[in-house]
Amino acid sequence: MKSLLFSISPFIFVVLFALSWATSAYADESFLDCLSLHSKDYSSISKVVYTQNNSSYSSVLESTIRNFRFTAPTTPKPLVIVTPLDVSHIQATIYCSRKHGLQIRTRSGGHDFEGLSYVSEVPFVIVDMVNLRSVDIDVKNRVAWVQSGAVLGELYYKIAATSNTLAFPAGLCPTVGIGGYLSGGGYGILFRKYGLATDNVIDAQLVDVNGRVLDRKSMGEDLFWAIRGGGGGSFGIVVAWKVQLVSVPATMTVFSINKTLEQNATKLVHRWQSVAPKLPDGFYSGVTLTRVNSSQDGKKTILASFHSSFLGGIDELVPLMQERFPELGLVREDCIEMSWIESILYMGQLSNETLDILLDRTFQSPLLSPSFKSKSDYVKKPIPEIAFQGLWSKLFEEEARFASLSFIAYGGIMDE
Ligand SMILES: Cc1cc2nc3c(=O)[nH]c(=O)nc-3n(C[C@H](O)[C@H](O)[C@H](O)COP(=O)(O)OP(=O)(O)OC[C@H]3O[C@@H](n4cnc5c(N)ncnc54)[C@H](O)[C@@H]3O)c2cc1C
Ligand SMILES: *[C@@H]1O[C@H](CO)[C@@H](O)[C@H](O)[C@H]1NC(C)=O
Ligand SMILES: *[C@@H]1O[C@H](CO)[C@@H](O)[C@H](O)[C@H]1NC(C)=O
Ligand SMILES: *[C@@H]1O[C@H](CO)[C@@H](O)[C@H](O)[C@H]1NC(C)=O
Ligand SMILES: *[C@@H]1O[C@H](CO)[C@@H](O)[C@H](O)[C@H]1NC(C)=O
Ligand SMILES: *[C@@H]1O[C@H](CO)[C@@H](O)[C@H](O)[C@H]1NC(C)=O
Ligand SMILES: *[C@@H]1O[C@H](CO)[C@@H](O)[C@H](O)[C@H]1NC(C)=O
């Protein structure tokens with residue numbers, strides 16, 4: 001009984017509070033007044049505060065909503081959006097949000113699977129990092145300072161513009177934000193050799209709940225550990241990250257091989273589970289399973305798309321695959337040699353684009369459906385063939401017509 005009361009009363013409080021906030025101009029103004037009083041320079045913060053009656057409010061809000069499940073009119077909307085230009089704007093927003101009992105949602109690239117960077121059930125303010133997206137590369141020391149509002153593509157583009165043998169081990173969708181990506185760990189095509197992206201973070205600048213600006217030394221190793229993988233939005237607002245760049249050969253190799261059920265996909269996918277995690281560290285290996293209509297008879301089948309990248313040339317890759325995974329039947333003609341940055345486009349299904357696509361924050365990646373639900377898990381022992389057959393019949397159900405499954409091999413340094 002007691003615990004029931006305890007769990008109900010905060011809920012009632014929240015609802016009342018939301019109503020009073022929404023109907024009272026006074027509360028609205030006092031939050032804005034607070035921002036102006038607590039900014040070093042009011043004229044600058046006033047240019048980056050969007051209230052609900054500002055004509056740009058919707059376009060700023062929707063600019064990085066990457067999942068249309070969260071664009072409905074019924075999706076809770078922020079009372080205010082702040083797009084800080086510097087740390088003092090973040091500090092003022094944290095101070096005033098606390099003072100007025102508002103929750104903060106921090107948004108970098110907006111790719112959160114559940115929209116957590118821009119949706120909340122309690123009255124809230126969005127701190128959108130879009131204006132804090134500088135990327136400063138120090139080639140000599142092989143490090144970079146990257147602000148959270150940059151997207152992966154911007155970091156990649158700048159690295160490639162400086163060197164063709166430096167890289168950063170991160171993911172394939174170029175519009176994913178640095179802020180959320182590094183906060184959650186971050187896997188990508190180089191992770192079997194260099195670990196998660198966040199393993200390559202060596203310093204950070206964080207604004208904490210009290211508005212203090214901390215670096216690695218002043219936050220201490222525990223907090224520094226937590227912000228690298230403990231999940232975004234939990235420990236403060238990370239403004240920037242210092243990352244270690246890694247070495248890649250000037251020439252890499254990629255391939256993609258498709259097999260349907262009629263081409264023994266079930267056996268191959270089953271076998272892949274044992275082969276792929278044991279490949280040398282220079283390999284990235286994934287397989288994506290979708291339902292398609294057979295090009296032969298138009299009947300439903302499963303397409304297993306095996307895709308890999310490798311830190312080396314074709315001459316090294318082909319014999320290795322023929323030895324480790326002869327059933328796949330890889331031949332030279334399936335392989336393409338290219339630079340690391342080209343492999344990012346290839347693996348992200350952007351082969352037909354120029355590098356400029358990496359700087360386009362608004363384009364819709366082919367990897368991303370406009371409206372999606374995504375879940376992940378670890379497969380700790382190989383799934384038996386019969387279980388794959390069960391999965392196929394699930395994928396053949398009508399409501400699964402747009403579903404897909406992606407397997408990504410760990411192993412390499414990830415086993416350590
Ligand atoms: C199409 C697509 C492809 C993806 N590919 C990969 C992949 O290859 N590898 C991989 O590891 N992941 C991948 N992801 C998952 C992605 O890394 C996470 O969803 C990540 O959190 C997105 O970061 P974001 O900044 O774009 O998202 P946001 O929605 O802006 O933020 C995500 C979370 O981090 C918090 N946050 C954002 N910025 C900050 C900040 N500056 N300080 C503190 N907290 C912050 C937010 O509040 C939220 O909780 C992919 C996601 C999508 C949609
Ligand atoms: C909307 O907000 C922006 C940023 O604060 C400001 O520059 C602009 O003048 C506002 N527009 C209106 C119509 O209030
Ligand atoms: C928003 O509209 C309300 C009344 O509808 C007004 O009182 C308030 O000043 C407006 N705020 C801004 C920032 O324009
Ligand atoms: C394999 O199938 C995928 C998805 O249909 C497609 O994008 C890719 O180009 C195909 N690859 C090859 C080598 O045919
Ligand atoms: C499927 O595998 C069997 C052996 O298990 C083999 O005989 C057959 O040629 C394979 N089919 C294709 C299309 O590769
Ligand atoms: C696959 O076939 C079904 C009917 O057999 C059809 O409705 C559907 O549009 C086809 N899908 C594609 C992608 O061609
Ligand atoms: C690349 O292909 C996609 C989809 O097929 C298309 O929308 C896009 O315009 C193409 N881009 C270029 C530069 O040709």
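Every number for a ligand or one of its atoms is a count from 1 in the order of the listing.
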(Q) Restricting to non-hydrogen atoms, name the atom on I65 and the atom on F70 that form the minimum distance, rounded to 0.1 Å. (A) CD1-O, 3.9 Å
Q | Minimum-distance pair of heavy atoms, taken over all atoms of L345 and E353 | A |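 Distance-wise, the nearest heavy atoms are CD1-O, 3.7 Å.
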Q: Report the part of T106 (side chain from C-beta onward, or backbone N, CA, C, O) that has a heavy atom under 4.0 Å from ligand 1; answer both or neither where that applies.
A: both
Q) At under 4.0 Å between heavy atoms, which part of S108 makes contact with ligand 1: side chain, backbone, both or neither? A) both
(Q) Just to verify, which of V127, V48, V49 counts as forming a side chain to side chain contact (heavy atoms under 4.5 Å, CB included) with P84? (A)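 Among V127, V48, V49, the one meeting side chain to side chain contact (heavy atoms under 4.5 Å, CB included) with P84 is V127.
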Checking side-chain polar atoms at under 3.5 Å, does [X] have a donor or acceptor matched by the opposite partner on [Y]?
X	Y	result
T301	E262	yes
N258	T260	no
S285	W272	yes

Check ligand 1 against [X] and write out every atom of the ligand that is under 4.0 Å from a heavy-atom position of the residue.
X	value
I237	42 (N)
S148	41 (N)
G177	23 (O), 24 (P), 25 (O), 26 (O)
G171	8 (O)
L172	8 (O)

Ligand 1 to [X] polar contact by distance, N or O atoms, under 3.5 Å:
X	value
F372	no
S117	yes
R107	no
G233	yes

Going by heavy-atom distance to [atom], choose the closest among [options].
atom	options	answer
atom 43 (C) of ligand 1	G179, G236, G230	G236
atom 19 (O) of ligand 1	M129, H111, E114	H111
atom 28 (P) of ligand 1	G231, G180, G110, G286	G110

Q.
Can you tell me how the ring of F283 sits relative to the ring of F310, calling it parallel under 30°, perpendicular over 60° and tilted otherwise?
A.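 The rings of F283 and F310 sit tilted, inter-plane angle from 30° to 60°.
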Between ligand 5 and the protein, which N/O pairs fall short of 3.5 Å?
unit_1: ligand 5; atom_1: 2 (O); unit_2: N264; atom_2: ND2; d: 2.2
unit_1: ligand 5; atom_1: 11 (N); unit_2: N264; atom_2: ND2; d: 3.0

Q. So, does G186 sit close enough to ligand 1 that a heavy atom of it is under 4.0 Å from the ligand?
A. yes
Q. Can you list the steps and then say if D199 with R228 is a salt bridge (charged side-chain N to carboxylate O under 4.0 Å, His left out)?
A. CA-CA 8 Å; D199 293 329; R228 290 172 300 151; over 6 Å; no
Q. Mind checking whether W392 and F388 have ring centres under 6.0 Å apart?
A. yes
Q | Centroid-centroid under 6.0 Å between F191 and Y410 rings | A | yes
Q: Evaluate the salt bridge (charged side-chain N to carboxylate O under 4.0 Å, His left out) criterion for residues R107 and D128: first the C-alpha distance (whole Å), next the side-chain angles of each, then the deciding distance (0.1 Å), finally the verdict.
A: CA-CA 5 Å; R107 183 165 75 174; D128 189 313; 2.8 Å; yes
Q | K300 with E397: basic N within carboxylate O range, under 4.0 Å | A |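 Looking at K300 and E397, the cut-off is not met.
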(Q) So, using salt bridge (Lys or Arg N to Asp or Glu O under 4.0 Å) as the criterion, who are the partners of K267 when residues are at least two apart? (A)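 Expected list: none.
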